[in-house]
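Side chains are part of it too, since the values below use all heavy atoms of this structure and drop only hydrogens, waters and symmetry mates. Along the sequence shown, the residues carry numbers beginning at 1.
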Amino acid sequence: MNIRRVLFRLLSVLLISSTLFAQTTTTATPGPAQAANPSVAQTPKESVPYTPSLDPAAMDRSIDPCVNFYQYSCGGWEKANPIPPDQTSWSVYGKLFEDNMAVLRGILEQAASAKQRDAVTQKIGDFYAACMDEAAVNRRGISAIRPQLDAIAKLKSVRDLAPEVANLQLAIQGSGIIFGSGSLQDPDNSDQEIAGLDQGGLGLPDRDYYTKEDTKSKEIRDRYVQHVQKIFELLGDSPAAAAQQAANVMRMETALAKASLTRVERRDPFKLKNKMNVAGLAGLTPNFDWPLFFRTANTPKFEILNVTAPAFFKELNVQLSSEPLDNWKNYLRYHLANSYSPYLSDNFVQENFEFYRKYLRGAKELRPRWKRCVEYVDDNLGEALGQVYVRKAFSPQLKAETLDMTKRIEDAMEQRIRGLDWMSPETKEQALAKLHAIRNKIGYPDKWRDYSSVNVTPTDFAGDVRNAIVFESHRQLNKIGRPVDRNEWQMTPPTVNAYYDPQMNDINFPAGVLQPPLYDPKTDAAPNYGDTGGTIGHELTHGFDDEGRHFDARGNLKDWWTKADSERFDQRAKCIEDQYSQYVAVDDLHVNGKLTEGENIADLGGEILAWIAWKEATKGQQLRPVDGLTPEQRFFVGFAQWDCANIRPELLREMTITNPHSPPRDRINGVVVNMPEFSASFACKAGQPMVKSPDQVCKIW
Ligand SMILES: [Zn+2]
């Protein structure tokens, strides 16, 4: 039952995706990898090693910036930073994340071994120690999930599924067994939490993997069926039985996938709003015992819930009557074992790696065990680990500096809104009200989550994970019927990422993303504004992109636009959609201009705001060239160098299908072609690839 993110999925994050470096439950992997890349941190560290926010060595000055600005800014970085064998991509963000991990490792090793420990240190130390004890994990084997397997074996009829699905959902992370459930902010009253259900139940990264008919998609499906079979064999089934069951799982998941909304459909928040009562839900899926499901999950009483995808729950009803009980039991066994594979014995860990990280995303080696263990502590006890982390990595001065920058970016937004030639005064007034209502959350939460009720022992790793997931599931469910806690964060403090939440109407920058080279207190304002200023502007713009613009100042789903302004916005957004649709991501796969529309709008808007704020912040100052670059050029190179990256083609394929962000090269070049300030800074000429003719330039904010 994992929750807000699953149900409404409206958080707009900055990055390609957090799963680029941090792997989700289904993709995490183990092993004895030694990265060949010397830049990869291999030992615990006290602090993150310093890298400047603009690195001339990362550039390739043999490239004309007006021909390919990304390559000019990042060509040197790409050559010097091959993808380490245990990674699926490597980037400035990914490297900082790895450096952060070495700091977290130091914290956790100390926490695991110290004699005198406070409650928080003991919790994270024991969790880490349990994870690192590979021998104990191997000895336990599948006995760690034996009680749940036994409960599945005892099911007597399809009607009995509801309570077992509730129990499994409580203990499993991700998009949910069969479907997703939890709490969410009421789209009509953002101060209130309500119950919600969502589509889910798939083992591949997206519903499109089940429906596309190209050769590569078919190959991936065949390979997935082999993976499912392998999991059944690891659970002790004969190869013949396992093969038959895997085919059944594939058929069941395909039926659910076909009834699921696409990612582009899910960008329309009005489509996701379908409120009903439990009787209405029972009308969609009469074959499922909903009252018993909610009772077993111990959900607080409620009248109204939101069902994001009603058609999915209708199809589920068909499946419940057409698939026999044995097929459902095997479906549950598979998903239980698949979800827990990263926390079980080596044979499960290895199979999880082989399919999700090696085949699907291109990694060559398992990540060392310590990296996975650091990540699992962050996933499960993130605000406990974060407390210790921010004491080391985030000073009050850094908080004050970045907050000042945020306010300057917001002032730039106000200036832009007031000056827009396509928006009416009525809509402008609403836009400004929304802008002024945005909350800035910097570094870490004001109040830390209390994990004291999570039972953690140093000897039962899978049990610790289960306890932490169950705690989080209940924490989310218990929100139903209560007021929204606007102080809560959706990312942990060490996370190297940022987000805007349209229902909270807040921008959130964890301490992890405000470190060099992204924010560099030692260097001048130009690259800092190009990089972190652009990031702040990016998140701010999400409040006004094709999705975020439908929410008002309070975070309610309510159009505050006049019809004519709405149409003018759509025209401008179409310019951006068409531009990015022309880019080829990998092989013959184009960027999906509709899926990436919001992120592309935010990338462009963010950089325009950063430029205005930087000019304002440095007004009257004598700025001089450095390393042969003018201050204006340093602004843009600083911007481009946030996203220097190498990505394996396998991962790039997945991202193109599932990820709302464009590939790094397009995120940089796609922005600068729309900024005349760029071509002026580099004296580019009309007709060059990084220069659009003025009538072609896309501009919204
Ligand atoms: Zn974003």
Side-chain angles (χ1 to χ4, degrees), residues 15-17 19-21 23-24 26-27 60 63 67-71 74-75 77-79 81-91 93-94 202-227 250 254 257 262-264 267 353-365 576-600 603 640 643-671 673 689-690:
L15 262 194
I16 295 163
S17 84
T19 54
L20 251 185
F21 336 112
Q23 294 301 321
T24 56
T26 44
T27 63
D60 179 354
I63 304 282
V67 171
N68 185 340
F69 185 60
Y70 170 81
Q71 210 57 40
C74 290
W77 191 97
E78 283 193 343
K79 277 193 209 94
N81 288 280
I83 306 173
D86 69 334
Q87 303 289 318
T88 55
S89 67
W90 197 232
S91 62
Y93 267 53
L202 309 180
L204 283 167
D206 186 76
R207 49 95 62 207
D208 284 2
Y209 280 75
Y210 297 83
T211 58
K212 288 172 69 155
E213 283 302 321
D214 60 284
T215 318
K216 184 70 188 172
S217 299
K218 286 180 183 162
E219 179 208 299
I220 293 173
R221 286 199 287 274
D222 288 345
R223 181 66 186 75
Y224 176 59
V225 173
Q226 290 170 24
H227 163 70
M250 189 61 186
T254 303
T262 67
R263 284 184 194 251
V264 169
R267 290 193 61 73
F353 165 76
E354 291 291 335
F355 181 69
Y356 285 106
R357 228 171 127 84
K358 187 174 178 184
Y359 172 72
L360 219 47
R361 291 161 189 150
K364 306 295 179 211
E365 289 178 3
I576 291 184
E577 181 192 334
D578 292 345
Q579 177 192 325
Y580 284 80
S581 295
Q582 290 166 17
Y583 297 141
V584 174
V586 59
D587 301 333
D588 56 345
L589 207 55
H590 278 246
V591 172
N592 181 340
K594 196 78 198 142
L595 176 66
T596 58
E597 187 171 312
E599 296 300 335
N600 299 330
D603 280 341
D643 208 11
C644 298
N646 286 309
I647 303 178
R648 297 198 196 277
E650 292 90 341
L651 179 67
L652 204 46
R653 173 172 290 275
E654 177 181 327
M655 284 166 46
T656 309
I657 299 169
T658 63
N659 204 291
H661 301 87
S662 303
R665 179 196 57 220
D666 304 324
R667 289 190 76 174
I668 303 306
N669 291 347
V671 165
V673 295
M690 296 292 101

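The minimum heavy-atom distance linking P689 with V67 is given by the pair CB-O, 3.4 Å. Taking both residues in full, the closest heavy atoms of S91 and W77 are given as CA-CH2, 3.3 Å, listed atom of the first, atom of the second, then distance. The heavy-atom pair separating I63 from N68 by the smallest distance is CG2-O, 3.7 Å. In terms of heavy-atom proximity, G670 sits nearest to Y583 at CA-OH, 3.5 Å. Summarising the geometry of S662 relative to Y580, their closest heavy-atom pair is OG-CD2, 3.4 Å, with the distance given to 0.1 Å. Heavy-atom minimum distance, I83 versus T88: CG2-C, 4.3 Å.
By the 4.5 Å heavy-atom criterion applied to side chains, W90 and P84 are counted as neighbours. P664 places a side-chain heavy atom less than 4.5 Å from the side chain of I647. N600 has its side chain out of reach of Q579: every pair of non-hydrogen atoms, C-beta onward, lies at least 4.5 Å apart.
The pair D208-R263 does not count as a salt bridge, with every side-chain nitrogen at least 4.0 angstrom from each carboxylate oxygen. Electrostatic pairing of E650 and R653 does not count as a salt bridge here, judged by no charged N lying under 4.0 Å from a carboxylate O. Using a 4.0 Å cut-off between a side-chain N of Lys or Arg and a carboxylate O of Asp or Glu, D60 and K79 qualify as a salt bridge.
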Show, in sequence, the C-alpha distance, side-chain angles and deciding distance for K216 and D587, and conclude whether the side-chain contact (heavy atoms from CB on, under 4.5 Å) test is met.
CA-CA 11 Å; K216 184 70 188 172; D587 301 333; over 6 Å; no
Can you list the steps and then say if T254 with M250 is a side-chain contact (heavy atoms from CB on, under 4.5 Å)?
CA-CA 6 Å; T254 303; M250 189 61 186; 4.1 Å; yes
Checking Y356 against R361 for the side-chain contact (heavy atoms from CB on, under 4.5 Å) test, could you report, in this order, the C-alpha distance in whole Å, the side-chain angles of both residues, the deciding distance, and whether it holds?
CA-CA 7 Å; Y356 285 106; R361 291 161 189 150; 4.2 Å; yes
Might you work through the side-chain contact (heavy atoms from CB on, under 4.5 Å) test for I657 and K212, ending with a clear yes or no?
CA-CA 11 Å; I657 299 169; K212 288 172 69 155; 4.1 Å; yes
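With R648 contributing its side chain and Q87 its backbone, the two residues share a donor-acceptor pair below 3.5 Å. A donor-acceptor contact shorter than 3.5 Å links the side chain of T656 to the backbone of L652. At distances below 3.5 Å, at least one donor-acceptor pair connects side-chain atoms of Y210 with backbone N or O atoms of L204. Formation of a donor-acceptor pair under 3.5 Å by the N646 side chain with backbone atoms of N81 is found in this model.
Classified by interplanar angle (parallel below 30°, tilted 30° to 60°, perpendicular above 60°), the ring pair Y359/F355 is parallel.
Separation of atoms CG (D603) and CG (D643) is listed at 8.0 Å; rounding is to 0.5 Å. The line from CD of Q582 to NE2 of H590 is 9.0 Å long, rounded to the nearest 0.5 Å. To the nearest 0.5 Å, atoms CD (E654) and CG (L360) are separated by 5.0 Å. Within the model, atoms OG1 of T596 and CZ of R267 stand 8.0 Å from one another, a figure rounded to the nearest 0.5 Å. Interatomic distance, OG of S581 versus CD1 of I576, reported as 11.5 Å (0.5 Å rounding). To the nearest 0.5 Å, atom CG of residue N659 and atom CD of residue E599 are 8.0 Å apart.
Under the side-chain contact (heavy atoms from CB on, under 4.5 Å) criterion, D578 pairs with K574, not counting sequence neighbours. Y224 pairs by the side chain to side chain donor-acceptor pair (under 3.5 Å) definition with E253, Y334, not counting sequence neighbours.
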